[in-house]
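Below is one structure; the comments refer to it alone.
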Amino acid sequence: MPSSTYFVQACPTCGRSLQVRVQYLGRSVSCRHCRGVFIALDPTDGHEEPRESGVGLLRRADELLANLHAREAG
């Protein structure tokens with residue numbers, strides 16, 4: 001059974017580190033601790049594309065999923 005891939009992002013409201021599923025990149029999520037709402041962004045993405053286009057987020061999600069599939073195959 002495939003497992004989900006996560007990245008870590010700090011909540012901008014309370015500062016706690018959260019594990020966010022890659023599937024939620026670019027989407028609005030809420031912190032389970034303080035209920036603060038924010039956009040899930042991968043902090044390891046070295047360059048920032050315009051948020052409204054979402055191209056950078058989709059590219060990063062594809063890279064993370066490809067890495068996951070390569071690890072499962074190897």
Side-chain angles (χ1 to χ4, degrees):
M1 179 157 51
S3 63
S4 295
T5 302
Y6 296 87
F7 64 95
V8 177
Q9 180 174 357
C11 172
T13 304
C14 70
R16 292 189 183 185
S17 293
L18 305 169
Q19 287 188 338
V20 181
R21 288 184 183 188
V22 171
Q23 293 91 328
Y24 297 126
L25 278 169
R27 295 185 184 176
S28 181
V29 296
S30 64
C31 175
R32 63 188 299 189
H33 303 286
C34 73
R35 308 262 189 249
V37 177
F38 58 96
I39 302 296
L41 298 173
D42 184 358
T44 63
D45 192 5
H47 62 284
E48 200 168 316
E49 302 260 348
R51 287 187 186 175
E52 54 276 354
S53 74
V55 174
L57 295 174
L58 291 173
R59 186 177 327 141
R60 181 67 180 146
D62 286 341
E63 290 171 6
L64 291 170
L65 291 171
N67 287 339
L68 175 66
H69 293 306
R71 276 189 267 149
E72 289 176 348

**Asked** Is Tyr24 atom OH crowded by more than 12 heavy atoms from other residues, nucleotides or ligands, each under 6.0 Å away?
**Response** no
**Prompt:** Of the non-hydrogen atoms in Leu25 and Leu41, which two are nearest, and what is the gap between them?
**Reply:** CD2-C, 4.2 Å
**Request:** Write down the atom of Ala40, the atom of Phe7, and the distance for their closest heavy-atom approach.
**Result:** CB-CZ, 4.2 Å
What pairs of donor and acceptor atoms, side-chain ones from residues 10-21 against any protein atom, are under 3.5 angstrom apart with sequence neighbours left out?
{"residue": "Arg16", "atom": "NH1", "partner": "His33", "partner atom": "ND1", "Å": "2.8"}
{"residue": "Arg21", "atom": "NE", "partner": "Tyr6", "partner atom": "OH", "Å": "3.4"}

**Fill in**
Separation between OG1 (Thr5) and CG (Leu68), nearest 0.5 Å, reads 3.5 Å
**Asked** Roughly how far, to the nearest 0.5 Å, is the CG atom of Asp62 from the CG atom of Asn67?
**Response** 11.0 Å
